[in-house]
Amino acid sequence: MKIGVYSNPHKDIGNTVKDAVLSAAQKVGIQAEPFSFEDKYDFIVSVGGDGTILRIAKYSALNDTPILGVNMGTVGFLTEIEPAEIESALNKLKHREYILERRALIDAELDGTHYYALNDIVVRSCSVRMMAMEVRVSGELIDKFTCDGYIACTPTGSTAYSLSAGGAVIGPNTPVIALTPINPHTLRTKPIVVGSFENVTMKSTGVTEAALYADGEYTAELSSGKCVSITGWDRSALFVRFAKKSFYSRLLNKLNYWSASED
């Protein structure tokens, strides 16, 4: 068994947890090394938060390589263990005492280039001025409006940016794409959920410069008249789980954790 350790240096200061993973792997008899996108692994250990996992989700999906997330962030929807559990978790990996969870990605195509996202594809205005937009599903017009931007997300991404913009929370195994406008300048425009097999197009129709983001990273300019096409993707990122956990109880705990408190 060979694992690659992917660490976020902004979360894992001084690579303390990364080194702990490498040391624990040696102790339990697993080959481990710092992660490289050019190499192949049986598992990836991600040290950081959910954002760290987003950076390796495409690799996981393309190579069918499961991710074990060590939580160093504040949210931790996708991570599985805390740093104190590293050695125990690696022992379970070695003895195959785990289950795998699949999380689908979506595919955005612009000018012949494909961008993949575990959370969301976002079109946003590049300035404080709103952009004009046209949204279609399977070729049929859904709406035309001005807004700050538009989000197309997976069920995994429904608890991220889309939730903050007023979108619905969606169970992780639901085969849909959620569409959420960002500050639409209209009283009628609402979030909508469509099947993952449907084709969604978002077209910039005004003069305001806009850009395309995949999982929070800038990918391309979306100039006036340009259209980005979004569909569900037939691949999924894989996640190591050591026990079946209720998504809804976990969601409630996380949302309560985020809530402000005077106590």
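Excluded from the calculations below are hydrogen atoms, water molecules and symmetry mates; all remaining heavy atoms, backbone and side chain alike, are included.
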Check: F77 ring centroid to F239 ring centroid under 6.0 Å: no
Notebook entry, point to check: Any side-chain heavy-atom pair from L105 and T154 closer than 4.5 angstrom?
Noted result: no
Look at atom CD of E209 and say whether more than 12 heavy atoms of other residues, nucleotides or ligands are closer to it than 6.0 Å. no
Min side-chain heavy-atom separation N199-V137 under 4.5 Å: no
Using only atom types and a distance under 3.5 Å, with no angle test, would you say the side chain of S224 pairs donor to acceptor with the backbone of G206? yes
Would you say that T79 contacts D50 through its side chain, given a criterion of any heavy-atom pair below 4.5 Å between the two side chains? yes
> Do other residues, nucleotides or ligands put more than 12 heavy atoms under 6.0 Å from the CD atom of E97?
Replying inline: yes
**Message:** Looking only at the aromatic ring of each residue, does the gap between the centers of Y59 and F35 stay below 6.0 angstrom?
**Reply:** yes
Quiz prompt | Intermediate values then yes/no, side-chain hydrogen bond (donor to acceptor under 3.5 Å, both in side chains), R129 and T208 | solution = CA-CA 7 Å; R129 301 184 67 179; T208 302; 4.8 Å; no
task: Please say whether more than 12 non-hydrogen atoms of neighbouring residues, nucleotides or ligands are located less than 6.0 Å from NE2 in H114.
output: yes
For residues 18-46, the salt bridge (Lys or Arg N to Asp or Glu O under 4.0 Å) pairs (sequence neighbours left out) are K2-E33, K2-D39, K27-E87
Practice problem: Taking D215 for its side chain and N119 for its backbone only, find out whether a donor-acceptor pair lies under 3.5 Å. | Solution: yes
Sorted by chain and residue number, the side chain to side chain donor-acceptor pair (under 3.5 Å) partners of R241 (sequence neighbours excluded) come out as E80, E101
Check your understanding: Are the aromatic ring centres of Y213 and Y161 under 6.0 angstrom apart?
Key -> no
Margin query: Check for me whether K92 meets the cation-pi criterion with F242, that is, NZ or CZ under 6.0 Å from the six-membered ring centre and within 45 degrees of the ring axis.
Written below: yes
When every non-hydrogen atom of A237 is compared with those of A61, the smallest separation belongs to N-CB, 4.0 Å
